[in-house]
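Some notes on the structure that comes next.
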Amino acid sequence: MSILNPHFSKRLISWYLDNKRDLPWRKTVSPYHIWLSEIMLQQTRVAQGLPYYLKFINAYPTVQDLANSPEDEVLKLWQGLGYYSRARNLHATAKMVTEDMNGVFPDNYKNLLKLKGVGEYTASAIASICFNEPQAVVDGNVYRVLSRVFGISTPINKGNGPKEFKILAQQLIDKKQPGTFNQAIMEFGARHCVPRNPDCNSCIFNDSCVAFQKNEVEELPVKIKAKPVKKRYFNYLVVLSENENTILKQRIGKGIWHKLYEFPLVETSEEVDIEDLKNLPQFQDFSENLDIRSISLFNEEAVVHKLSHQHLYTRFWIIETPKGSQADIPISEINNYAVPVLIENFVSEFFENY
DNA sequence: AACCCGGGGAT
DNA sequence: ATCCCAGGGTT
């Protein structure tokens, strides 16, 4: 017999009050601050998101400040945090709240869901924490805690798995303190019921946890495996003019790093040498109106930039041009542009002693 | 329903 | 290497 509501929530919240971390967004119920923290923490660890949260509330004390900032500036502050659609949607929502909603966030789950970048999880988090609405959150922590404590082997990322867990979480939530319950179950998953080697012997649920009793803790939750990563081959064309200018392009359309900046890119299906590169139509388009004095390869060994779903084998080609070429961005100003970490790493290495 | 979207930390 | 992280949008 598994643990029943309300014993589950009482035990959980008691644990939380004794063990919760002291985090800045736990000192407020301001929808702007809670919303900002929740967007940043999507698929992102607290330790990684925290410095960005502090940067943002410092740069943008209010939603109006965020709305009035140029998108490029928001992306620059977001640089390095990944999943950049979050930053674009964040900015769009700030403008919507400021311009169309009189600067006031929606105060309930249903209307919060209408905001760009706010899905079921985030709407539930804001509604429960800021407005005391009993909407249960279901994130990676919740899947893990519930699948183990209740011995549920339904895959969390297939079919009606998500719905099944949402229903259970909704049955368990403490309707008098939904925000505390939601944060408690996530904190418990993050700090105690961890993915690997959890300390079940000291767990508050070890008298009732189905997975512990059946020795299935390591098998839960069940998750369908992702497809293997794709390999891609990037050749960045790093222009260096005699007067120390370069060329940056903003990425457009679909795909990774939308709206971030990078050097002109030639993608190939495999690694290429300098002669292959020169014969590629993309390179010929690039060099059409460019007076190239020399081309040299910066890194013989490709830099492998690893994303969740693709590995980018990257080589940087240094292309020297005379003064007054098309290169229009002073090298010293590259740092003003939002660039992928891959580019940032190259820039800091290459130009460190330039 | 399947696929795409980053970067980093833990094991 | 592999897994996972306070998920959401698009197709």
Side-chain angles (χ1 to χ4, degrees), chain A residues 16 20-21 23 25-26 34-53 75 78-90 92-93 112-126 128-129 135-145 155-163 165-166 169 179 181-191 193-198 218-230 232 251 253-260 304-312 338-345:
Chain A
Y16 176 65
K20 67 176 182 177
R21 287 168 288 184
L23 299 169
W25 48 83
R26 289 187 174 153
I34 298 300
W35 164 71
L36 179 60
S37 71
E38 293 297 344
I39 300 297
M40 285 185 165
L41 293 175
Q42 289 169 4
Q43 291 294 286
T44 305
R45 293 171 187 276
V46 167
Q48 188 184 4
L50 179 55
Y52 286 85
Y53 176 81
L75 283 168
W78 198 274
Q79 177 178 312
L81 196 55
Y83 285 152
Y84 297 94
S85 67
R86 293 184 294 170
R88 301 191 303 269
N89 289 332
L90 185 84
T93 290
L112 284 162
L113 259 186
K114 297 175 182 171
L115 302 177
K116 281 187 184 177
V118 174
E120 288 187 30
Y121 163 79
T122 306
S124 298
I126 300 171
S128 62
I129 295 170
Q135 285 287 342
V137 297
V138 181
D139 75 332
N141 295 304
V142 175
Y143 283 128
R144 190 166 53 252
V145 172
I156 63 173
N157 56 345
K158 180 175 171 292
N160 62 350
K163 188 179 299 179
F165 282 94
K166 168 84 177 185
F181 174 90
N182 279 338
Q183 295 187 79
I185 192 169
M186 291 190 286
E187 187 80 341
F188 184 72
R191 305 275 288 177
C193 193
V194 291
R196 306 268 288 269
N197 305 319
E218 292 292 344
E219 330 301 326
L220 294 173
V222 174
K223 188 174 184 179
I224 306 299
K225 291 195 176 188
K227 296 198 318 182
V229 299
K230 178 187 292 186
R232 301 174 70 180
R251 290 184 67 94
K254 290 174 289 189
I256 58 173
W257 302 331
H258 179 49
K259 291 197 175 179
L260 270 63
V304 187
H305 188 71
K306 295 179 177 178
L307 307 180
S308 295
H309 303 288
Q310 40 191 300
H311 288 179
L312 310 178
V339 300
V341 166
L342 172 62
I343 300 298
E344 172 66 21
N345 288 346

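Residue numbers start from 1 in every chain, and the chains themselves are labelled A, B, ... in the order their sequence lines are given, proteins ahead of strands. Small disclaimer: the values here were computed from a predicted structure and weren't measured.
Residues A:P340 and A:N160 both approach DNA chain B. Their nearest nucleotides, taken by heavy-atom distance, put A:N160 toward the 5′ side. Of the two residues near DNA chain B, A:N345 and A:G159, the one whose nearest nucleotide lies more 5' is A:G159.
Taking atom CD on A:E218 and atom C1' on C:dC4, their separation rounds to 14 Å, with Å as the unit. Atom P of nucleotide B:dC3 and atom CD1 of A:I256 are separated by 19 Å, given to the nearest angstrom. Between A:L260 atom CG and B:dG6 atom P the separation is 8 Å, expressed in whole Å. Atom-to-atom, CG of A:L50 to C1' of B:dG8 comes out at 15 Å; the value is rounded to the nearest Å. In this structure, the CD atom of A:Q48 is 12 Å from the C1' atom of C:dC4, given to the nearest Å. Rounded to an integer number of Å, the gap from CG of A:L307 to C1' of B:dC4 is 12 Å. Between the CG atom of A:L75 and the C1' atom of B:dG6 there is a distance of 13 Å, rounded to whole Å. In this structure, A:L342 places its CG atom 15 Å from C1' of B:dG8, rounding to the nearest Å.
When each of A:N141, A:V145, A:D139 is paired with A:I185, the side chain to side chain contact (heavy atoms under 4.5 Å, CB included) condition holds for A:V145 and for no other.
For the atom pair A:T44 OG1 and A:Y53 OH, the distance stands at 15.5 Å (nearest 0.5 Å). Taken to the nearest 0.5 Å, the CG atom of A:L50 stands 10.0 Å off from the CE atom of A:M40. Expressed to the nearest 0.5 Å, how far OG1 of A:T122 lies from CG of A:L112 amounts to 9.5 Å. To the nearest 0.5 angstrom, A:I129 atom CD1 is 13.0 Å from A:F181 atom CZ.
With a 6.0 Å radius and a threshold of 12 heavy atoms from other residues, nucleotides or ligands, A:E344 has its CD atom above the threshold.
Contact between the side-chain N/O atoms of A:H305 and the OP1/OP2 oxygens of B:dG6 is not found at any separation under 4.0 Å. Contact annotation: A:W78 side-chain N/O to B:dG7 OP1/OP2 distance is not under 4.0 Å.
If you take atom P in C:dA6 and the same atom in B:dC5, they sit 23 Å apart, rounded to whole Å. If you take atom P in C:dT11 and the same atom in B:dG6, they sit 15 Å apart, rounded to whole Å. The separation of C:dG8 from B:dG9, taken at their P atoms, amounts to 23 Å, rounded to a whole angstrom.
In this structure, A:K166 contributes its side chain and A:A136 its backbone to a donor-acceptor pair below 3.5 Å.
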One character per nucleotide, please: for nucleotides 6-11 of chain C, 5' to 3', B when the base has a protein heavy atom closer than 4.0 Å, S when only the sugar-phosphate does, - otherwise. BBSS-S

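Contacts between residues 221-230 of chain A and DNA chain C, defined by a heavy-atom separation under 4.0 Å, are made by A:K223, A:K225.
A donor and an acceptor atom, one from each side chain of A:Y121 and A:E38, are located under 3.5 Å apart.
Nucleic acid contact for A:G80: sugar-phosphate only, since backbone atoms but no base atoms lie under 4.0 Å from a heavy atom of the residue. Using a 4.0 Å heavy-atom distance criterion, A:H258 is classed as making no nucleic acid contact. Among the heavy atoms of the strands lying under 4.0 Å from A:Q310 are primed sugar atoms or P, OP1, OP2 only; no base atom is included.
Not counting sequence neighbours, the partners of A:K20 by the side-chain contact (heavy atoms from CB on, under 4.5 Å) test are A:Y16, A:R26, A:E187.
Counting heavy atoms from C-beta on, the side chains of A:P198 and A:R144 never come closer than 4.5 Å.
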